[in-house]
Amino acid sequence: MIRRFSIGCLVAALCACGGAPRSVQHFASDAYPAHLSEWGVLSVADDRLALSEGFLPYDLNTPLFSDYAHKLRAAWLPPGTHASYSADSVFDFPVGTILSKTFYYPRAAAPEGALLRNEDDSFDFTGTDLDLRKVRLIETRLLVRQESGWDALTYVWDAAQHEATLEIAGDIKQLEVVTSEGAVQQVHYVIPTRNECANCHATEHASGKIHPIGLAARHLNKTYEHYADGAAPQLQRWVERGYLDHSADDAPANALWRAGATDDIEHRARSYLDVNCGHCHNPKGAADTSGLFLNASETSPRRLGVCKPPIAAGRGTGGRHVSVMPGKPDESIMIYRVDDTDPGIMMPELGRTTVHEEGVALLRHWVESLPGVCS
């Protein structure tokens with residue numbers, strides 16, 4: 001028998017497969033259910049995917065790249081609890097917190113079964129639900145705060161989009177995607193194993209304990225456009241909901257990374273590196289021995305890679321001599337590695353199997369803008 005306990009007198013939500021109503025549930029770490037519907041996180045009805053009562057959707061200024069997948073992020077905290085604000089680090093969440101992230105792609109008109117490779121948010125969550133006639137669900141990842149710390153779980157959606165099943169060992173989905181130029185590509189979408197989830201989320205390498213990555217003030221400090229009642233400042237909405245003890249007028253904010261954003265190139269590139277690389281490349285992360293630190297708080301040009309020789313990159317250097325060669329992206333190891341998909345070369349090592357062309361263009365532009373020469 002699955003052991004579980006309800007941690008909220010919430011309005012019941014329909015289970016993911018359309019059966020009897022359920023409340024949000026929290027399970028013991030040795031009794032996680034086989035199906036996502038048991039959690040009561042999401043509901044599917046009439047070709048619509050909705051968040052259960054109490055889940056607060058959120059977004060990031062600059063999100064992690066995941067093979068162009070779109071994401072519906074949401075947080076739920078037990079009634080009467082809140083997260084503790086920090087200006088610099090991830091917020092401290094109470095036991096019982098459930099963080100949900102659902103990955104999906106918009107459907108293409110042709111060829112049949114193909115998906116769109118784009119970052120157009122017109123297909124995304126509307127404030128009430130997600131139209132399943134227009135998207136294909138791939139996976140839903142949960143981060144669950146237990147007494148012993150955070151735990152990571154991945155549930156993979158079935159073809160009918162009725163239910164998602166726990167996959168501890170991960171999975172691979174062969175997807176056919178259509179680019180904005182109309183080209184058809186094959187994507188080997190990798191659903192991470194439980195250990196691979198931990199590899200990215202273990203932001204403090206010595207302890208090995210996993211933590212959320214995006215739930216920090218600098219990532220959340222923005223206007224969220226898709227609340228059911230309209231746009232609102234995201235941190236303030238967290239306070240109003242009772243999910244955060246306070247926000248600050250001087251909270252840091254990462255840039256909106258995309259081309260056309262008003263933030264300068266330095267801020268946009270640093271924000272992109274922070275969320276995509278900084279969880280490993282920081283003084284406490286898994287890449288601490290590299291001496292390359294890409295987290296937002298780093299200020300040393302050398303530790304950011306400028307004129308910095310690699311320590312142990314192997315063939316990942318591509319014959320280049322420094323991580324970042326000012327003004328010369330083609331001579332920079334960083335650009336070489338983010339623009340490759342060979343497992344022995346590419347960075348980040350996990351979380352993607354395709355090149356983020358727009359992200360590479362941003363980083364190239366940043367490197368081109370850097371002054372100076374390496375002696």
Side-chain angles (χ1 to χ4, degrees), residues 16-18 36-37 42-51 57 59-60 62-74 100-141 154-165 167 170-192 225-226 256-261 272 276 338-343 346 348 350-362:
C17 56
L36 181 63
S37 58
L42 300 160
S43 63
V44 173
D46 300 325
D47 289 323
R48 318 293 291 196
L49 178 76
L51 294 170
D59 199 3
L60 309 184
T62 293
L64 179 74
F65 174 70
S66 306
D67 284 343
Y68 290 94
H70 294 229
K71 301 166 188 175
L72 169 57
R73 304 171 182 83
S100 167
K101 184 161 63 173
T102 297
F103 296 67
Y104 59 93
Y105 287 85
R107 295 185 183 275
E112 184 177 356
L115 308 171
L116 291 176
R117 198 203 77 174
N118 65 32
E119 294 172 308
D120 180 357
D121 61 8
S122 65
F123 294 92
D124 291 352
F125 184 71
T126 62
T128 55
D129 53 32
L130 189 63
D131 188 345
L132 297 182
R133 295 168 299 180
K134 297 180 179 180
V135 304
R136 176 182 168 184
L137 303 177
I138 305 296
E139 57 170 322
T140 293
R141 301 180 191 175
T154 299
Y155 288 83
V156 180
W157 285 89
D158 61 21
Q161 306 196 120
H162 290 163
E163 181 64 277
T165 302
E167 293 291 350
D171 199 357
I172 297 178
K173 297 292 184 183
Q174 305 298 336
L175 308 179
E176 188 174 65
V177 301
V178 180
T179 71
S180 57
E181 293 79 24
V184 178
Q185 296 181 342
Q186 302 299 316
V187 173
H188 306 286
Y189 183 97
V190 177
I191 295 169
E225 303 290 342
H226 303 298
L256 301 173
W257 74 273
R258 294 182 184 179
Y272 185 88
N276 282 282
V338 298
D339 198 21
D340 206 294
T341 57
D342 185 318
M346 72 178 195
L350 299 172
R352 71 174 181 91
T353 60
T354 59
V355 171
H356 189 197
E357 295 175 5
E358 297 80 0
V360 172
L362 170 66

Residues forming a salt bridge (Lys or Arg N to Asp or Glu O under 4.0 Å) with [X], sequence neighbours excluded:
X	answer
R117	E357
R73	D59
D342	R315

Show the numbers, then the answer: is there a side chain to side chain contact (heavy atoms under 4.5 Å, CB included) between M346 and V355? CA-CA 9 Å; M346 72 178 195; V355 171; over 6 Å; no
Can a donor-acceptor pair be found, under 3.5 Å and without considering hydrogens, that links the side chain of [X] to the backbone of [Y]?
X	Y	value
R107	V135	yes
E139	T154	no
Q161	L137	yes

On a heavy-atom basis, which atom in [X] and which in [Y] lie closest, and how many Å separate them?
X	Y	value
T102	W157	CG2-NE1, 4.3 Å
L51	A74	CD2-CB, 3.6 Å
G359	W257	N-CZ3, 4.0 Å

Under the ring pair (Phe, Tyr, Trp, His ring centres under 6.0 Å) test, which residues partner [X], sequence neighbours left out?
X	value
H70	Y104
F125	none
Y189	none

Could you please spell out the steps behind the side chain to side chain contact (heavy atoms under 4.5 Å, CB included) verdict for L49 and V44? CA-CA 5 Å; L49 178 76; V44 173; 3.6 Å; yes
Counterpart residues, side chain to side chain contact (heavy atoms under 4.5 Å, CB included), relative to [X] (two or more places apart):
X	result
A109	none
P111	A114, E176, V178, V184
S180	none
D120	N118, S122, F123

Flag side-chain contact, heavy atom, 4.5 Å: [X] against [Y]:
X	Y	answer
L175	I138	yes
E163	L36	yes
H356	E119	yes

Mind checking side chain to side chain donor-acceptor pair (under 3.5 Å) for Q174 and listing every partner two or more places apart, or none if nothing turns up? H188
CA sep, side-chain torsions, deciding dist, call: T165, D158, side-chain hydrogen bond (donor to acceptor under 3.5 Å, both in side chains): CA-CA 8 Å; T165 302; D158 61 21; over 6 Å; no
Donor on one side chain, acceptor on other, Y68 and E358, under 3.5 Å: yes
By the salt bridge (Lys or Arg N to Asp or Glu O under 4.0 Å) test, which pairs, at least two apart or in different chains, include something from residues 125-137? R48-D129, R48-D131, D131-R133
